[in-house]
Structure formats: structure tokens, C-alpha cells
Amino acid sequence: MSAAVQMAAFGLALLSTLFLLLATCTDCWMVNADDSLEVSHKCRGLWRECVTNMQDGVRTCDQYDSILADHPVKIVVTRTLLITADLLAGLALATLLLGLDCIKFLKEDPHVKLKMCHGAGVILGVGSILGLVGSVWYAVDVYVERAMLVSHNIFLGVHYDFGWSCWLGMAGSMGCFAASVLLTCCLS
């Protein structure tokens with residue numbers, strides 16, 4: 001049973017870490033949600049803003065000026081939290097890989113291997129919380145920005161909703177949390 005839980009946790013952690021990495025790198029955290037006939041599809045991400053022409057499929061992206069430039073708080077906080085979550089999830093994945101029973105590393109000391117699995121679970125838990133806070137922070141800020149414009153009857157021609165990168169970040173964080181629960185609570 002322990003080996004099955006370890007392998008399930010490892011598979012879930014691997015997939016969730018990939019989701020977190022993809023969410024951090026991709027550029028569709030906010031997507032235009034205007035109901036009128038649009039000729040372009042706009043996505044805003046943590047690193048750049050892209051516009052895709054719907055008629056011919058040509059995509060152009062504008063990089064943000066610099067990492068050190070003045071950016072909105074939601075971008076800076078989300079970048080920081082997701083990069084930290086990515087690093088912690090990668091560290092946890094490496095630790096978990098070495099702690100698996102099927103790996104010959106430290107085969108003569110199963111107690112240390114179990115502690116490595118528990119440690120990986122704790123690290124995954126911390127990373128998942130940071131990733132979830134970053135993703136939800138961004139989503140709440142998008143919602144508040146939109147609600148403020150609606151409450152003041154301001155229409156700028158386009159409004160934004162949560163993009164697939166935001167949902168991917170949330171899914172990756174929840175998957176890392178589930179793997180953390182498996183590793184810390186279900187291993188004996």
C-alpha cells in the first residue's frame with residue numbers, strides 16, 4: 001500500500017508541478033471577455049501581453065519593459081509567489097524521487113526514506129499554498145478591477161476575465177496540495 005501511495009503522490013506531484021510551471025511561463029492570465037464581435041483575442045500574462053488576430057491567426061506579443069520596471073502589484077506578487085512555488089515543487093519532487101521505495105538510494109535505511117517522503121510532502125504543501133495564493137490573488141484583482149469599472153459605469157471597450165493560465169495555476173496548486181496530503185497523512 002505504501003508504494004502505491006508513493007507512486008500516486010509522485011505522479012500527481014509531477015503533473016501538478018508541470019501545471020504550475022506552465023502557468024508561470026504562459027501569457028493568458030487575463031483574457032478579453034467582450035461579447036461584441038471582436039476581430040482580435042487579447043491575453044495578458046505575467047511577462048507579456050499578446051493579441052491574436054481572429055481572421056488570419058497572426059499573433060503578436062509585447063514584452064513588458066523590464067522585470068525591474070514598475071509593474072502593477074498583482075503582477076509582481078503573482079510572479080514572486082508562483083516562482084517560489086515552482087522552486088519548492090521542484091525541490092519536493094527531487095526529494096520525493098529519492099525517497100521512493102522503488103529507488104535504490106538509501107535502500108538499507110527505510111526510516112530515512114520515509115522521512116524524505118514526509119519532508120517532500122511538507123515542501124509540496126508550502127509550495128501549493130504559495131501557488132494558490134498567487135493565482136487567487138491575481139484572479140481576485142482581475143475581478144475587483146472589473147467590478148470597479150462596472151460600478152462606476154466605465155466601459156473601456158473591452159473587459160477581462162480569468163484566462164486559462166490562471167486556472168492552470170490554481171489546478172497545479174490544488175494538485176500539489178493533494179499530493180502533499182497523500183505524503184504527509186497517508187504514509188505510515
Student check: side-chain heavy atoms of K74 and V142 closer than 4.5 Å: yes
Any side-chain heavy-atom pair of K42 and V31 under 4.5 Å: no
Verify same cluster id: M116, L100 (apolar side-chain graph, 4.5 Å): yes
Do Y138 and F162 come within less than 4.5 Å of each other through their side chains, counting heavy atoms only? no
Let me have the donor-acceptor pairs involving side chains of residues 121-134, under 3.5 Å, with sequence neighbours excluded, atom names and distances please.
unit_1	atom_1	unit_2	atom_2	d
S128	OG	L124	O	3.3
S128	OG	G125	O	2.7

Would you find a donor on one side and an acceptor on the other, under 3.5 Å apart, between the side chain of T17 and the backbone of A13? yes
Can you name the residues that form a ring pair (Phe, Tyr, Trp, His ring centres under 6.0 Å) with F177, not counting sequence neighbours? none
Does one hydrophobic cluster hold both V136 and V144, with members joined at side-chain heavy-atom distances below 4.5 Å? yes
Validation row: W29, T78 side chains within 4.5 angstrom (heavy atoms): yes
Tell me whether D27 is salt-bridged to R59, with the criterion being a basic N under 4.0 Å from an acidic carboxylate O. yes
So C50 and R48, do their side chains get closer than 4.5 Å, heavy atoms only? yes
Running the 4.5 Å side-chain criterion over Ile, Leu, Val, Met, Phe, Trp and Tyr, what cluster does V51 land in, apart from itself? none
Please list, one pair per line, the donor and acceptor atoms closer than 3.5 Å that link side chains of residues 82-92 to other protein atoms, with sequence neighbours excluded.
unit_1	atom_1	unit_2	atom_2	d
T84	OG1	T80	O	2.8
D86	OD2	T24	OG1	2.7

Name all residues meeting the disulfide (SG to SG under 2.5 Å) criterion together with C25; count only those two or more places apart in sequence or in a different chain, and write none if there are none. none
Report yes if the SG atoms of C43 and C28 are separated by under 2.5 Å, and no otherwise. yes
Those residues that, when tested against K113, pass side chain to side chain donor-acceptor pair (under 3.5 Å) (two or more places apart): none
